[in-house]
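A short worksheet on the structure shown next.
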Amino acid sequence: MATITPLFAPEQGTISANKEAASASLESLLAIRFFEEAVDGLFARGLMHGTMHLSIGQEAVATGVCAALRKTDYITSTHRGHSHCIAKGADLTRMMAELLAKQTGYCRGRGGSMHIADVETGNLGANGIVAGGIPIAAGAALAQKMQGRDNVVVSFFGDGATNEGAFHEALNLAAVWDLPVVFVCENNKYGMSFSTTKSMKVEKISERAAAYGLPGVTVDGNDVDAVFEVAKEAVERARVGGGPTLIECLTYRHKGHSKSDKNLYRTKEEIEFWKTKDPVGIFETRVIESGQLTAEEVEQLTQKVRDAVRLAIQEATQAPDSDPAELLSSVFRQVS
Amino acid sequence: MATITPLFAPEQGTISANKEAASASLESLLAIRFFEEAVDGLFARGLMHGTMHLSIGQEAVATGVCAALRKTDYITSTHRGHSHCIAKGADLTRMMAELLAKQTGYCRGRGGSMHIADVETGNLGANGIVAGGIPIAAGAALAQKMQGRDNVVVSFFGDGATNEGAFHEALNLAAVWDLPVVFVCENNKYGMSFSTTKSMKVEKISERAAAYGLPGVTVDGNDVDAVFEVAKEAVERARVGGGPTLIECLTYRHKGHSKSDKNLYRTKEEIEFWKTKDPVGIFETRVIESGQLTAEEVEQLTQKVRDAVRLAIQEATQAPDSDPAELLSSVFRQVS
Amino acid sequence: MTERIITYAEAIREAIGQAMEADESVFMLGEDIGVYGGAFGVSGDLYHRFGEERVRDTPISELGIVGAAVGAALVGMKPIVEIQFSDFTAQAMDQIVNQAAKIHFMLGGELSVPMVLRAPSGSGTGAAAQHSQSLESWFAHVPGLKVVLPSSPADAKGLLLSALDDPNPVIVLEHKLLYKTSGHVPEEMYRTPIGVSNVVRNGTDLTIVATGVMVSRSVEAAEQLASAGIEACVIDVRTLSPLDMDPINASIAETGRLMLVQEAPKHVGFMAEVAARVSEGPAIYSLTEPVLRLCGMDVPIPYAPQLEKSVVPQLDDIVEGAKNLVRGV
Amino acid sequence: MTERIITYAEAIREAIGQAMEADESVFMLGEDIGVYGGAFGVSGDLYHRFGEERVRDTPISELGIVGAAVGAALVGMKPIVEIQFSDFTAQAMDQIVNQAAKIHFMLGGELSVPMVLRAPSGSGTGAAAQHSQSLESWFAHVPGLKVVLPSSPADAKGLLLSALDDPNPVIVLEHKLLYKTSGHVPEEMYRTPIGVSNVVRNGTDLTIVATGVMVSRSVEAAEQLASAGIEACVIDVRTLSPLDMDPINASIAETGRLMLVQEAPKHVGFMAEVAARVSEGPAIYSLTEPVLRLCGMDVPIPYAPQLEKSVVPQLDDIVEGAKNLVRGV
Ligand SMILES: Cc1ncc(C[n+]2csc(CCOP(=O)(O)OP(=O)(O)O)c2C)c(N)n1
Ligand SMILES: Cc1ncc(C[n+]2csc(CCOP(=O)(O)OP(=O)(O)O)c2C)c(N)n1
Ligand SMILES: [Mg+2]
Ligand SMILES: [Mg+2]
């Protein structure tokens, strides 16, 4: 087990104004960053296979949103899902084991990066299908409502996903049924290589909420506090029966779309510009400047997270490879 | 052949203020009405099979929109497609022959009511799939643009269709590609039995246009002049490269959804109310009151259209049944 | 025991009603299943009995509603989705195939999707090519889905109740022409097992394997054949996935002749699998004649009644096919 | 003639480029086919050669773009749609199956849909269950679609050019593992006919019928078998619809043994059709052994490399299967 401190949501005020919350959120940001840097390295060294979609640069979205959630709340995630998974509290070892195709991985090596789910923390699964998780989130929210529970479901997806029919149908269903679901669009400006300036004609993706009679809001997705604030409002509204919200988080991925991306569709300048808006750096500076955490504490935290990731790699590497023997009997849940 | 006078679009002013246009539009309204009443009767007498979706009460939409089109412009239509087909200028005999499963029908008896197409008048086909024709319309419009033609494509669909993913994807594509297509939603308040008040949370379906950066407009769909006016503006904009528009026409179907409808989901009062807003009656009254047509001329026209429909039934009934022999060789267009 | 005769549609409704009474987590969603009672009248009065929450009318959004069912199933509900015509599963294929079918396996086994998807299937109502398809072969080819085609009122109830017990996604394709047919259906909540083929009629001259509406048509044909001195064994496979070949192989061993009858187009259809299984095993040595597949023609379903009939096997085709097979012509 | 060695991906690109030069109405649309050059690099520089109008990047909207292709095809264009992974045809099934496949027939024959839909298919890249399927059996079962699986660079070009000549919708499933494989490809615009199976290798001991990536794997197996004294005839069916059985039947008449190799899951998969056709005709009498189907396991494709390999036929499996078949074990 290699885990980080669970996210802590302050009752009042911003995350960075609360020591405990700031510390937990920074851990989350760093865990996502270091986990993915490690993965990137393993991949480069040929130790990992398949493909990988990294959210380096987008860590504040998952962190800010998940800070507004309870452990019993649910999320649905995407092909770019490590951040959501970690922010919701997953075990880094089991994640790493999955990427390394081990029997101890979250999917026993059957799913890989694009399919990690974690029942324990309410992660209903990453999804290799763009927009595939959005109707599923609506359905999980419907279940909460019918079961009389007050859990909320968050559905993460990208800008490109909002051009899929699944987005449209799911938002409409959630709207007409007043479901406790929050739709979080991580607008990183590109669906693979295709810019949002070409893939849609709206200025803000949050404008699409109006087509379903829903509130829509756009927020700086590189600012944990800002994300947390709008997420908290939306989650609270959803929890008390106020229905869904569409939140657009403006952010950017530093790395290529996947392992085969040559970055031909965007400029170096653009990438460099966004690196100056690094969500991890911004948050670190803020919590140090506001005096919630000392530079030393940040340093300790950094070390702690580095150790956790290192431990995850170590434990995962030593785990047994996933087992072909049980495949046929795993297609169906066996009738008990 | 049983045809009606092609729709005539006045360069300036409303349809009802132009004698020739008023007369042609009234013919169209009546042809749709009488054709469908005839079909209803044939069905009741067991002379027609399958199912049928009648647009009695909605005649002004197809008539007003098609008046704004050229013969070379295209339409895509729906399961409730007789009105579009007739307004675009189809031969009533071949339509009737199709419904009667004759070899001389538009589809040689292979398609029936839900699949009538007419290459001659640019009708790319009714469609049994709700929203199925919308992406097809976008594609036909894309072709016009790529071929350097200035034809416009109109896609007709219902209120219920706007909840399908196909609607969303097609409008977005048409928007980002600035296609010469006009999306015409016939909002008759129900998708089968499901009220728009329950199937969506927007006041007006035209509000959905904003999600694609498109202009949207709502109009009285029982008023030929009003429909024509907004259609003309949208078609002209599309023709000169100004991109798509979403037009919502508020209307009502007097008959059940299809042949098996028991009307349990709406009140007698509502139906009666809408019958007082009958588009055919309204237009007749208007053109007589404005002095464009005399009551006598209207009567003559009525008789002319009745005769045309009667002729269509007669000719269609006498036509040979569709031929099973050639089915297998008709699946593919034979390579020449 | 006295016969309790109800229709296929009533049997399905009874199963759903009983399941909803017995288990709070069971609910229905679909287009026009509420006050309208369903396009084919299957849900009927369930809306009035269980209310709009549990008999849930949806907007026209097949992908969305199947996705919603998947999501609800993941967290403890047992949704029954009705797709108004099985043709519209095309809209929802991603959620059916890429999500529902794969989640249990792909996500490592902790989650599962106990969902039932019901849809009216087949031709014969003059609804033409987009409302008349038999798409069971698609679903049967997808690992992770169970596929059920009830051919009688009793099986419609029993198989649906089994499907609702199953912790996996089950596709139930109901034939439109069967909805109004009647038969004996016990009142209690009995189960018809998934994965067990049903010998509907015994016979030693040839083996007829059929699905859906072709089962009763084959039985009728068998009766005509009997008066011509030919005794046909008729087997209803009932569940296409998993497929139970045992009674088929056993019957072939006796008859030496195999006729496969399905409504779906022949090419790469389900019955090809039955023929292939026979060709792969010792049963091939029992055959005294080549296999005869009597299937839908490889054409879209046409509208005209005489055309529509001409493209799927009719009673006479089955009788004639069987005679030819037995007489070796 | 000197060999002109290019890759499968290059051959496809060459065919598209030549077709676009020859015919103004040909254009491409798909996700990331523009400056990115396609997820598998197939479109490459076509965007720079033909511009963004004719090599048209689309939003992520599979249903919409296939629908747009259908509409464009109806009025005189010849679209080539690229679906980024064939798994995402699930999103577009309505437009593929309910529209493109049926329009010519259902609308009476005046309209047709001359459209080509290309998609990378198959497993072997560690992309797991939603990015690795082999869905050709779905399409082959749909009347109105032609279905093509090129197994070599030369066929990739020749079949694609035939598909572009065809006035009907043609589904071309390209195997991901083949994109980087090379072979001789003539430069001119030649056509490989749709509907003609290809005897890749002659042999008199057994007949191996294969598709896609399994063709070269079977040829490799045949070479190993040859050194063990077993001569296998390898037939690549190339086009699943329409299916040409002639060379298969002819070969069985010689060999008496039939092995069917496909990557797709076995149950109700394409090779069942081949077995069924054999079982239906006189060819069944030529068989001296039961048919052997070597197919993908009926499981979703797993991520782990050793798991992924274990669920689809590998070289050794083919060699071993053939040996067992020939030795009658
Ligand atoms: C239905 C579907 N279409 C296409 C793809 C291929 N694909 C994977 S990620 C991606 C881009 C998604 O863009 P976006 O939603 O903005 O998310 P991001 O990758 O930027 O996080 C594409 C096209 C897919 N996985 N699923
Ligand atoms: C994809 C799909 N889903 C469902 C249906 C069944 N159906 C046919 S018409 C209809 C209602 C359509 O409502 P709307 O779009 O408002 O058109 P209207 O019938 O009111 O003209 C439904 C549900 C269908 N034909 N296609
Ligand atoms: Mg993006
Ligand atoms: Mg409507």
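Counting non-hydrogen atoms of neighbouring residues, nucleotides and ligands closer than 6.0 angstrom, the CD atom of E326(B) exceeds 12 such neighbours. Remark: E270(B) CD is packed, more than 12 non-hydrogen atoms of other residues, nucleotides or ligands lying under 6.0 Å away. Heavy atoms of other residues, nucleotides or ligands lying less than 6.0 angstrom from NZ of K255(B) number 12 at most.
Atom CG of residue L264(B) and atom CG of residue D32(C) lie 11.5 Å apart, to the nearest 0.5 angstrom.
No donor-acceptor contact under 3.5 angstrom links the side chains of S61(C) and N163(B), judged on distance only.
Close approach to chain B, defined as a heavy atom under 4.5 Å from one of its heavy atoms, is seen in D298(C), V299(C), P300(C), I301(C), P302(C), Y303(C), A304(C), P305(C), Q306(C), L307(C), E308(C), S310(C), V311(C) of residues 298-316 of chain C, taken by number. Taking 4.5 Å as the heavy-atom cut-off, the residues of residues 62-71 of chain C that approach chain B are E62(C), ordered by number.
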Take D261(B) and Y36(C) through the test side chain to side chain contact (heavy atoms under 4.5 Å, CB included) and record every step on the way to the result. CA-CA 8 Å; D261(B) 189 341; Y36(C) 195 96; 3.7 Å; yes
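In this structure, chain C has heavy atoms under 4.5 Å from both the backbone and the side chain of H49(B). The part of M114(B) that comes within reach of chain C is its side chain, from C-beta onward, which places non-hydrogen atoms under 4.5 angstrom from that chain.
Counting only heavy atoms from C-beta outward, the side chains of Q130(C) and N127(B) approach each other to under 4.5 Å. Using a 4.5 Å heavy-atom cutoff, the side chains of I129(B) and Q91(C) are in contact.
Heavy atoms only, all atoms of each residue included: V35(C) and Y265(B) are closest at CG1-CB, 3.9 Å. Closest of all the heavy-atom pairs between A39(C) and M192(B) is CB-CE, 4.0 Å.
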